[in-house]
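Notes for the one structure printed next.
A note on names: the letters A, B, ... follow the listed sequences, proteins ahead of strands, and every chain is numbered from 1.
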There are 2 protein chains.
Amino acid sequence: MKVAKQSSDKKLTLIDVAVAAGVSAITVSRVINQPEKVSEALRQQVQKAIDMLGYIPNQYASSLASSKSKVIGVSIPSLSNVVFTDVLRGVYDVMGTAGYKVLLVDTHYSPLEEEKMIRTLLSQSPEGLIITGGDQTRTCHNLLQKSRVPVVQIMELLNEPLDMNIGFSHWQAGYDVVTHLMEEGYERIGFIAARMDPRAQQRMLGFKKALENAGKSWKNFIVTTPEPSSIAVGGELFKSLLASTDGTVDAVFCVNDDLALGALFESQRMNINVPGDLAICGFNDIEASRFVNPSLTSVQVNRYEMGVKAAEMIIDRLNGKMDQPKVVDMGYQIKRRQSSTNR
Amino acid sequence: MKVAKQSSDKKLTLIDVAVAAGVSAITVSRVINQPEKVSEALRQQVQKAIDMLGYIPNQYASSLASSKSKVIGVSIPSLSNVVFTDVLRGVYDVMGTAGYKVLLVDTHYSPLEEEKMIRTLLSQSPEGLIITGGDQTRTCHNLLQKSRVPVVQIMELLNEPLDMNIGFSHWQAGYDVVTHLMEEGYERIGFIAARMDPRAQQRMLGFKKALENAGKSWKNFIVTTPEPSSIAVGGELFKSLLASTDGTVDAVFCVNDDLALGALFESQRMNINVPGDLAICGFNDIEASRFVNPSLTSVQVNRYEMGVKAAEMIIDRLNGKMDQPKVVDMGYQIKRRQSSTNR
DNA sequence: TTGTACGCGTTATCAA
DNA sequence: TTGATAACGCGTACAA
């Protein structure tokens with residue numbers, strides 16, 4: 001026997017609302033999705049029933065029927081890196097107001113895990129995908145291409161984007177940092193990096209090339225570790241660099257600001273004068289870099305805006321605007337601060 | 001005319017795979033979801049077809065039919081606050097390995113927005129929900145209760161949890177910080193805070209109570225702003241506090257580490273000796289606090305573990321383990337460092 | 001403006 | 001172990 005208790009265990013459906021409001025199911029559907037197509041009177045009547053019952057539409061049924069998921073998949077390598085969460089904020093803010101849900105996955109910097117995660121995302125029939133960088137597995141690229149879902153690859157400029165692409169040249173930024181240091185008169189420039197993603201690799205290649213172009217060797221002046229980046233690791237790497245260069249290094253390019261802060265704090269403890277005896281340069285320009293003493297030279301990128309733009313690129317595509325550029329260079333800016341100037 | 005091209009535009013379905021493998025749809029379904037119920041031979045045959053076609057199941061159809069979404073909803077106030085992303089990592093790591101997808105929403109610290117977001121989450125038929133704190137709207141609480149979805153409220157201990165709850169007492173932590181400062185001999189203790197969420201409020205109440213219990217007044221010793229927290233704002237608030245106390249303040253309890261770093265960096269620029277002339281104490285114990293010079297006293301909480309535990313509480317519930325505790329006190333620890341000791 | 005019939009892709013149920 | 005059939009809850013297409 002079917003009893004229509006208000007707080008029954010059964011899930012509320014369109015039909016329950018329809019019965020309560022004395023209309024048909026499709027009318028309730030319209031009140032929710034295309035209210036302008038329902039007369040004022042009925043709309044209110046139905047809305048009242050919806051509120052009274054506390055009805056919440058079943059998104060699965062809706063998506064299945066309409067083949068519209070209103071879901072955007074996002075894949076980032078790490079949740080604990082402000083670089084990615086900054087971009088995420090931009091994505092969320094745009095997607096949220098545009099009525100899209102964001103399904104976020106964390107790949108832990110592993111292409112294999114990323115492939116698994118992207119399978120997960122695809123099984124949700126996302127209308128768009130925002131993924132980080134270009135080092136996906138071959139299988140993953142195939143899946144993405146076959147899916148025909150709009151994809152934006154973010155964070156770096158790629159040689160062969162799958163579809164759309166927004167980022168900047170990490171290679172050039174690395175090159176420019178070294179150039180800046182040399183212009184400031186530093187001559188023995190070291191490089192420290194922790195677990196390197198493809199973007200960190202690019203920065204390092206830019207670093208090497210700049211030194212080579214200046215006729216310098218980087219032998220013994222690069223110290224890395226497979227550990228993840230942190231302030232602690234930055235301090236350790238810095239000490240290693242000092243050791244491997246017999247203390248002759250006079251500038252350190254740190255592949256990110258966490259490492260740079262670690263190097264700076266460590267040099268403070270060692271009574272090394274920054275920038276007098278040593279220049280330090282970071283990457284990403286997190287807030288602390290601007291306020292620490294001495295303030296830290298770093299490479300600034302508009303990450304939030306990158307997220308916003310990536311989201312907009314997806315939305316434009318979904319709205320049929322096919323004339324938009326598929327590749328966007330966000331650029332970057334070297335913020336010259338005390339740690340590498342005023343020598 | 002229906003043609004079965006391999007790279008047709010039509011989406012692949014179970015049936016396409018079934019046809020390719022020469023079995024029925026339900027068998028393909030079983031290969032994917034309950035492989036042990038299919039004979040070895042058929043399983044391989046079907047798996048080959050799946051791989052060849054690059055079939056990806058439609059999660060909406062699956063969820064609709066099984067009324068299992070394998071989705072967990074998570075609601076946090078901010079994506080740009082490491083406090084929440086730390087917890088998130090724990091949630092993602094556990095949920096990921098348990099085969100759940102995480103639908104994450106950002107409420108921007110607004111209960112109204114949160115209500116909207118939680119509606120969104122509920123429309124995805126989540127099997128569990130992890131939400132931040134207890135200041136949801138009345139309507140939101142009703143929705144949650146009606147939904148009968150397992151809910152864990154995180155970050156703080158609540159008087160009346162909706163369901164499950166994990167966190168710690170921010171009030172007590174605030175009280176303890178002040179006690180610590182007084183034990184170290186500081187007597188004129190100030191408090192600075194930016195836009196305060198309920199947890200920051202609790203810390204402030206603990207601060208006030210501790211001063212009152214010591215027979216002290218906090219008049220003029222509290223400076224706040226509705227802006228969001230940042231290092232920059234920390235510096236500003238610190239200067240305001242100096243002004244409002246005529247420079248007599250000898251210790252500052254900052255409601256979080258960002259503000260504390262701002263206060264510290266600012267006092268360095270003003271040549272104020274920390275901890276000699278001034279103690280600084282933060283909250284959350286982010287990594288920088290441990291490494292900055294002088295190192296910063298702060299309140300440490302195992303946020304990652306909190307996320308892990310919250311996820312496990314949901315999963316236990318889903319697995320029918322009803323005997324688990326519904327409230328978990330994560331506790332906290334005051335990390336006494338240079339900024340408030342060695343006076 | 002409102003309603004009817006049907007299909008979306010999968011799984012539960014039951015039967016073979 | 002495998003398969004046929006009927007849901008799942010909603011939206012589309014079309015009709016009234």
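Taking a 4.0 Å limit (strictly below) on heavy-atom distances, residues 58-67 of chain B reaches DNA chain D at B:L64, B:A65.
C:dG9 atom C1' lies 11 Å from atom CG of B:D16, rounded to whole Å. At whole-Å resolution of the value, NZ in A:K37 and C1' in D:dG11 are 12 Å apart. For the pair A:I15 CD1 and C:dT4 P, the interatomic distance rounds to 11 Å; values are reported in whole Å. Between A:N33 atom CG and D:dA13 atom P there is a gap of 14 Å when expressed in whole angstrom units. We find that CD of A:Q45 is positioned 14 Å from C1' of C:dT1, with the value rounded to whole Å. The nearest whole Å value for the distance from the NZ atom in A:K70 to the C1' atom in D:dC10 is 17 Å. In this structure, B:Q34 atom CD and D:dT2 atom P are separated by 13 Å, rounded to whole Å. Rounded to an integer number of Å, the gap from A:Q124 CD to C:dT10 C1' is 14 Å.
Counting only heavy atoms from C-beta outward, the side chains of B:I32 and B:S29 never approach each other to under 4.5 Å. Contact of the B:Y304 side chain with the B:V87 side chain is not registered, since no non-hydrogen atoms from C-beta on lie closer than 4.5 Å.
Electrostatic pairing of B:E305 and B:K309 does not count as a salt bridge here, judged by no charged N lying under 4.0 Å from a carboxylate O. Comment: B:D106 does not engage A:R89 in a salt bridge, judged by the lack of any side-chain N to carboxylate O separation of less than 4.0 angstrom.
Residue B:K70 qualifies as enclosed at atom NZ: its count of foreign heavy atoms under 6.0 Å is above 12.
The side chain to side chain donor-acceptor pair (under 3.5 Å) analysis of residues 52-67 of chain B, with sequence neighbours excluded, yields no pairs.
Note on B:S39: every side-chain N or O is 4.0 Å or more away from OP1 and OP2 of D:dT1.
When each of C:dA12, C:dT10, D:dC10 is scored by its nearest atom to the side-chain atoms of B:L14, the top-ranked nucleotide is C:dT10.
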Please assess A:Y92 against A:V74 for the test side chain to side chain contact (heavy atoms under 4.5 Å, CB included), listing each intermediate value before the final yes or no. CA-CA 10 Å; A:Y92 265 85; A:V74 177; over 6 Å; no
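Each of B:E40, B:Q47, B:K48 was checked for a side-chain hydrogen bond (donor to acceptor under 3.5 Å, both in side chains) with B:Q44, and the lone residue meeting it is B:E40.
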Extract from the structure each pairing of a protein N or O with an N or O of nucleotides 3-6 of chain D at less than 3.5 Å, listing the distance.
residue	atom	partner	partner atom	Å
D:dG3	OP2	B:S24	N	3.4
D:dG3	OP2	B:S24	OG	3.1
D:dG3	OP2	B:T27	OG1	2.2
D:dG3	N7	B:R30	NH1	3.3
D:dG3	O6	B:R30	NH2	2.7

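Note that CD of B:E312 and CD1 of B:I315 are 7.0 Å apart. Values are rounded to the nearest 0.5 Å.
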